[in-house]
Number of protein chains: 2
Amino acid sequence: MSGHGHIPDATVARLGLYLRSLEAIDGTGGCKVSSYHLADLAGVNAAKVRKDLSYLGSHGTRGVGYELDYLKFEISRALGLGSVWPVVVCGIGNLGRALAGHDGFRDAGFPVVAAMDSDPVKVGSVIDGVPVYAPIELAEVVANHRVAIAVIATPASAAQSVVDNLVSAGLRSIMSFVGTVVNVPDGVELRAVDLTTELQILGFHLHRDSS
Amino acid sequence: MSGHGHIPDATVARLGLYLRSLEAIDGTGGCKVSSYHLADLAGVNAAKVRKDLSYLGSHGTRGVGYELDYLKFEISRALGLGSVWPVVVCGIGNLGRALAGHDGFRDAGFPVVAAMDSDPVKVGSVIDGVPVYAPIELAEVVANHRVAIAVIATPASAAQSVVDNLVSAGLRSIMSFVGTVVNVPDGVELRAVDLTTELQILGFHLHRDSS
DNA sequence: GAGAGCTTGTGAACATGTGAACAAGTTTCT
DNA sequence: AGAAACTTGTTCACATGTTCACAAGCTCTC
């Protein structure tokens, strides 16, 4: 068994971490990695590593471990890497500008190919190699660059209408840095990264520990 | 019962969202809010809202709902807001600069009071009102500004040593934007915000849906 | 005051995630 | 070959999180 059935969300969220951890190993030819070694690099429990990898149908060798190169290949394939998913960044404020120029995205196979902003002064400019377009051009930009993913870094007030536009343009994967709730129809995946919430969680524990 | 016992992590993570959702309501005097209304605003299940709020010892009124102002007060208190927790940003690259100037942090009670960078050219400058210090000055900066939280936006290669410095300086709450694993001793809370992983999760679902 | 119509708070069922433990298989050493 | 030392894959028990369902309680109307 252990075929290519359904992979749990918690596992998917860790696969990228495993992959990056594995790339930190000097990968000579048929090098082997144990679940304990990988667990140590990734900062998780070894049993969890084995269970996660078993969902890939990945067959390590008992008494030996996992073959480094093959394991990297399998994780990459499971995550759909190898494909390149072009990204558009909406909202070129403080944060949007940083995200547009963030090399880590390109390196991971998510090149930022375009940015959108409603400010006419910014439209037409090029920021960190990324051209800025007006919102009206969205559908065209998505089609021309085969954009697969949108990143929203607009002010909260504009977020919902921007998301509606993105969905209209056919995008189905959105990463939001806006702290407010935005609604998307079924079939569209929205991942919210909420920096304020993260800080508030830290603040909560500081508060608890100091009282 | 429902006293001030232990509040589950999942609940803590949602309290800030509830608070921001409530602030979107025109809060006239003794205005009442039902769990269904708040659930709609926050995009979650109404039963979850009620259970979350019950952990606060918050007593709504059956048949009526929660009193808006009092509920906001209670959530704020539970989260330890009202206190102000000064933040230091480490690493003034693309992302660090954006975070240092991010108004949302200050507005939520987490003012960025200082930044650290190892580049001598940046040290001594002021970015978006935030002064940049050298790593050697960390302990002094932490003491002078009563820094409670650190945000790490350095290159991956520097992250571990920066974190070690922060811990030595007495900081116990760290938010990391670095994609690699960093180790912290017991008693230090590290929250990792991994943008690459988020994109890879979106990519995973795109890949699954298109195959 | 009795009853209808709400809404809260919580018990219980279900779903998901975690980690210890161990059988089964591989390698190494003698 | 046999024993010892490893490591994987999987099962099981437990912890956490989610959602339904409903009793208990409040308000309003008649």
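Here is how names work: the chains are called A, B, and so on, in the same order as the sequence lines, proteins then strands, and each is numbered from 1. All values below come from the heavy atoms of this structure, side chains included, with hydrogens, waters and symmetry mates left out.
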Check the phosphate of C:dG9 against B:Tyr66, side-chain N and O only, distance under 4.0 Å to OP1 or OP2. Yes or no? yes
Picking from D:dG17, C:dT26, D:dT10, the nucleotide nearest the side-chain atoms of A:Thr61 would be C:dT26
Reported OG1-to-NZ distance for the pair A:Thr11 and A:Lys51, which is rounded to 0.5 angstrom: 9.0 Å
D:dA24 P sits how many Å from B:His59 NE2, rounded? 17 Å
Could you tell me how far apart A:Leu56 (CG) and D:dG9 (C1') are, to the nearest whole angstrom? 13 Å
B:Asp194: which residues meet the side-chain hydrogen bond (donor to acceptor under 3.5 Å, both in side chains) condition with it, sequence neighbours left out? A:Arg20, B:Thr197
To the nearest 0.5 angstrom, please state how far the OH atom of A:Tyr70 sits from the NE2 atom of A:His59. 8.5 Å
Would one find a side-chain N or O of B:Ser35 under 4.0 angstrom from OP1 or OP2 of C:dT7? no
Where B:Gln160 and B:Val181 come nearest, the two heavy atoms and their spacing: OE1-O, 4.3 Å
Length of the CD1-P vector between B:Ile7 and D:dG17, whole Å: 12 Å
Minimum heavy-atom separation for B:Leu56 and B:Ala78, please, with both atom names. CD2-CB, 3.6 Å
Tell me whether the guanidinium CZ or amine NZ of A:Arg50 lies under 6.0 angstrom from the six-membered ring centre of A:Tyr36 and within 45° of its axis. yes
To the nearest 0.5 Å, tell me how far A:Ile75 CD1 sits from A:Tyr66 OH. 9.5 Å
What is the distance, rounded to the nearest whole Å, between atom CG of A:Leu53 and atom P of C:dT18? 14 Å
Euclidean distance, atom CD of residue B:Glu74 to atom C1' of C:dT8 [Å, nearest integer]: 14 Å
Does OP1 or OP2 of D:dG17 have a side-chain N or O of B:Tyr55 closer than 4.0 Å? no
In numerical order, the residues of residues 38-51 of chain B whose heavy atoms come under 4.0 Å of DNA chain D are B:Asn45, B:Ala47, B:Lys48, B:Arg50, B:Lys51
Rounded to whole Å, how long is the line connecting atom CG of A:Leu71 with atom P of D:dT7? 15 Å
Rounded to the nearest angstrom, tell me the gap between atom OH in B:Tyr36 and atom C1' in C:dG9. 11 Å
What's the CG-P distance between B:Asp52 and D:dT19, to the nearest Å? 11 Å
Can you check whether any acceptor in the base of C:dT8 is under 3.5 Å from a donor in the side chain of B:Arg62, or vice versa? yes
